Protein chains: 2
Amino acid sequence: MLSKKTQYAFHALIHLAENADKGPILISEIAQEKNISIKFLENILLELKNAGILGSKKGKGGGYYLMRAPKEIPLARIIRLLDGPIALLPCVSLNYYERCETCKNEAVCGLNEVMSKVRDATLKLLENKTLKDILTRN
Amino acid sequence: MLSKKTQYAFHALIHLAENADKGPILISEIAQEKNISIKFLENILLELKNAGILGSKKGKGGGYYLMRAPKEIPLARIIRLLDGPIALLPCVSLNYYERCETCKNEAVCGLNEVMSKVRDATLKLLENKTLKDILTRN
DNA sequence: CTATATCCTATAGTTTTTATAGGATTTATG
DNA sequence: CATAAATCCTATAAAAACTATAGGATATAG
């Protein structure tokens with residue numbers, strides 16, 4: 001399961017996308033709207049900003065805003081940033097690979113093969129679906 | 001990522017399947033072969049037994065053995081048993097469903113839609129692939 | 001100058017995961 | 001029947017990860 005952190009990030013990004021025309025949005029506004037602890041959300045938005053996904057403005061009239069169009073933000077990007085690996089096993093992770101200590105030859109390991117397929121099927125969706133795809137459909 | 005518990009379970013099941021002709025297998029043998037803490041493994045095998053996946057025999061000549069053919073044991077079964085939900089969000093989980101508190105209408109939620117697709121793609125593999133599919137290929 | 005809002009880093013609280021301990025029970029066998 | 005071998009069972013400890021909070025630093029609008 002995705003962590004609360006990542007779930008909150010998605011909800012916050014959705015709010016920012018749906019209010020992109022209103023200029024910078026306050027942390028407190030998002031927190032209230034989406035029922036998230038304001039201080040926890042603050043940390044999350046900061047991480048998104050440091051990753052270049054969000055921009056911010058300080059002081060009166062400040063807040064957070066998207067740095068790029070929703071369709072340019074793949075869901076996989078958010079998950080990897082806040083949750084880490086998407087793969088089910090370290091030995092099939094593309095971004096967080098670790099060699100399997102138990103199995104002698106990954107090329108012949110059946111578990112590795114199946115989990116690689118799971119990873120591919122998951123990534124095909126999460127890398128192609130973007131913030132735009134999770135906005136409320138009207 | 002899958003927990004160590006689930007990873008150990010897979011390795012133990014593989015060992016049991018590959019030595020099914022040798023009668024009951026000792027916990028200690030599996031632990032040594034796969035480099036798993038013997039006491040931790042004991043708990044895992046017990047859970048698998050209580051779930052009807054393994055059988056056991058006590059006393060001298062005892063040990064654990066598979067209760068059914070490897071091709072009858074889907075990987076999803078093991079994961080759900082030891083790791084819980086396979087879905088990325090509670091609101092798209094088939095076996096551990098929980099209503100989303102933030103979104104007003106799941107039928108219209110884009111996040112729900114995408115994560116449902118991820119779940120389906122993952123389950124298509126994990127419910128159809130079995131212990132037989134992860135045995136070493138020779 | 002002041003109020004506002006993010007920035008930054010530390011830490012506290014909670015839950016989950018991983019691992020260990022030790023006695024109870026069952027069974028094979030001499 | 002006594003003994004050794006093995007799983008059964010439950011509790012608890014140790015470590016790690018996750019969730020949340022705190023409070024001062026910094027930047028900016030007006």
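Basis for what follows: all heavy atoms, side chains included, without hydrogens, waters or symmetry-related copies. Residue numbers begin at 1 in each chain, while the letters A, B, ... track the order of the sequences. None of the values given here were measured: they were computed from a predicted structure.
Checked against D:dT26, D:dA22, D:dT7, the side chain of A:K58 finds its nearest nucleotide in D:dT26. Residue A:E42 has its side chain nearest to C:dC8 when only C:dC8, D:dC9, C:dA28 are considered.
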| Could you walk me through whether B:E127 and B:R77 pass the salt bridge (charged side-chain N to carboxylate O under 4.0 Å, His left out) check? | CA-CA 8 Å; B:E127 306 221 280; B:R77 178 95 206 280; over 6 Å; no

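The side-chain heavy atoms of A:L2 and B:M115, taken from C-beta on, include a pair separated by under 4.5 Å. Residues B:K117 and B:E113 have side chains in contact (heavy-atom distance under 4.5 Å, counting atoms from C-beta outward).
Protein atom CG of B:L46 is 15 Å distant from nucleotide atom C1' of C:dA21, rounded to whole Å. Distance CG (B:L45) to P (D:dT10): 17 Å, rounded to an integer number of Å. At whole-Å resolution of the value, CD1 in A:I25 and P in C:dT4 are 19 Å apart. The nearest whole Å value for the distance from the CG atom in A:L41 to the P atom in C:dA5 is 15 Å. Spacing between atom CD of A:E47 and atom C1' of C:dT6 amounts to 15 Å, rounded to whole angstrom units.
Phosphate contact (OP1/OP2 of D:dT21, side-chain N/O of A:S37, threshold under 4.0 Å): present. For B:Y8, a side-chain nitrogen or oxygen approaches OP1 or OP2 of C:dA19 to under 4.0 Å. Between B:K5 and C:dT16 there is no side-chain N or O to OP1 or OP2 distance below 4.0 Å. When the side-chain nitrogen and oxygen atoms of B:S3 are compared with OP1 and OP2 of C:dT18, one or more of them lie within a distance under 4.0 Å.
Using a 4.0 Å heavy-atom distance criterion, B:I27 is classed as a sugar-phosphate-only contact. The residue B:L26 sits close only to the backbone: its heavy atoms come under 4.0 Å of sugar-phosphate atoms, none of a base. Residue contacts for A:K4: at a heavy-atom cut-off of 4.0 Å it reaches the sugar-phosphate backbone alone, with no base atom in range.
Contact record, B:L41 with B:A31: CD2-N, 3.5 Å, taken as the closest heavy-atom pair.
The residue among B:G61 and A:I38 whose nearest nucleotide of DNA chain D lies closer to the 5′ end is B:G61. Comparing B:D83 and B:K60, the nucleotide of DNA chain C nearest to each residue sits closer to the 5' end for B:D83. Take the nearest nucleotide of DNA chain D for A:L2 and for A:K57: the residue whose nucleotide is more 5' is A:L2.
A side-chain donor from one of A:E29 and A:H15 sits under 3.5 Å from a side-chain acceptor of the other.
For A:N43 against D:dT19, a side-chain-to-base donor-acceptor contact under 3.5 Å is absent.
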